[in-house]
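Have a look at the structure below, then the notes.
All residue numbers in this chain count up from 1 along the given sequence. As the structure is a computational prediction, the values presented were derived from the model and not from experiment.
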Amino acid sequence: MKIRPLQDRVLVERIDQEEKSSGGIIIPDTAQEKPMEGKVMAVGKGTRNEEGKVYPLDVKKGDRILFGKWSGTEVKLDGKDVIVMKESDIMGVIE
């Protein structure tokens, strides 16, 4: 299934965190927090102003981003858990 986000929405796939702590302790799935990093899979065309002019988004497909813990809406596509969020929920691009 293909999906194209509308307006200022972004489709993000979470990037899994390490299952070990820095001290080498294995963290069980139940104790792990959801990662707040992700990879942009698709972006919408942008936002429109009152005159109808479209302003493109700052993020692009393939960007690695940092977002809030409760950002967006989780959706399952082709067996993968992905998040649809607004660009304003993104805190920054990791370079």
Can you list, pair by pair, the side-chain donor-acceptor contacts under 3.5 Å of residues 40-52, counting residues two or more places apart and other chains?
from, atom 1, to, atom 2, distance (Å)
R48, NH1, G52, O, 3.1
N49, OD1, E51, N, 3.1
N49, OD1, G52, N, 3.1
N49, OD1, K53, N, 2.9
N49, ND2, E51, OE1, 3.2
N49, ND2, Y55, OH, 3.3

Reported [atom1]-to-[atom2] distance for the pair [X] and [Y], which is rounded to 0.5 angstrom:
X	Y	atom1	atom2	answer
D78	K2	CG	NZ	11.0 Å
E95	D63	CD	CG	8.5 Å
D8	E87	CG	CD	7.0 Å
K80	L77	NZ	CG	9.5 Å

**Q.** E37 versus L66, closest heavy-atom pair with distance
**A.** CG-CD1, 4.1 Å
Q | Nearest heavy atoms of S71 and M85, plus distance in Å | A | CB-CE, 4.2 Å
**Q.** W70 vs M36 side-chain heavy atoms within contact, under 4.5 Å
**A.** no
Q: State, yes or no, whether a side-chain contact exists between E74 and V82 at a heavy-atom distance under 4.5 Å.
A: no
Among all residues two or more places apart in sequence or in another chain, which pass the salt bridge (Lys or Arg N to Asp or Glu O under 4.0 Å) test with [X]?
X	answer
D89	none
D58	none
K39	none

Q | Lys/Arg-Asp/Glu bridge criterion (N-O < 4.0 Å) met for R64, E13 | A | no
**Q.** Working for side-chain contact (heavy atoms from CB on, under 4.5 Å), residues V75 and I83
**A.** CA-CA 6 Å; V75 180; I83 305 168; over 6 Å; no
Q. When you look at V12 and I65, which way does the side-chain contact (heavy atoms from CB on, under 4.5 Å) test go after all the steps?
A. CA-CA 9 Å; V12 177; I65 60 166; 3.6 Å; yes
Q: Quick one: list whatever passes side-chain contact (heavy atoms from CB on, under 4.5 Å) with K61, sequence neighbours left out.
A: none
Q. For V10 and V84, what are the C-alpha separation, side-chain angles and deciding distance, and is it a side-chain contact (heavy atoms from CB on, under 4.5 Å)?
A. CA-CA 6 Å; V10 180; V84 178; over 6 Å; no
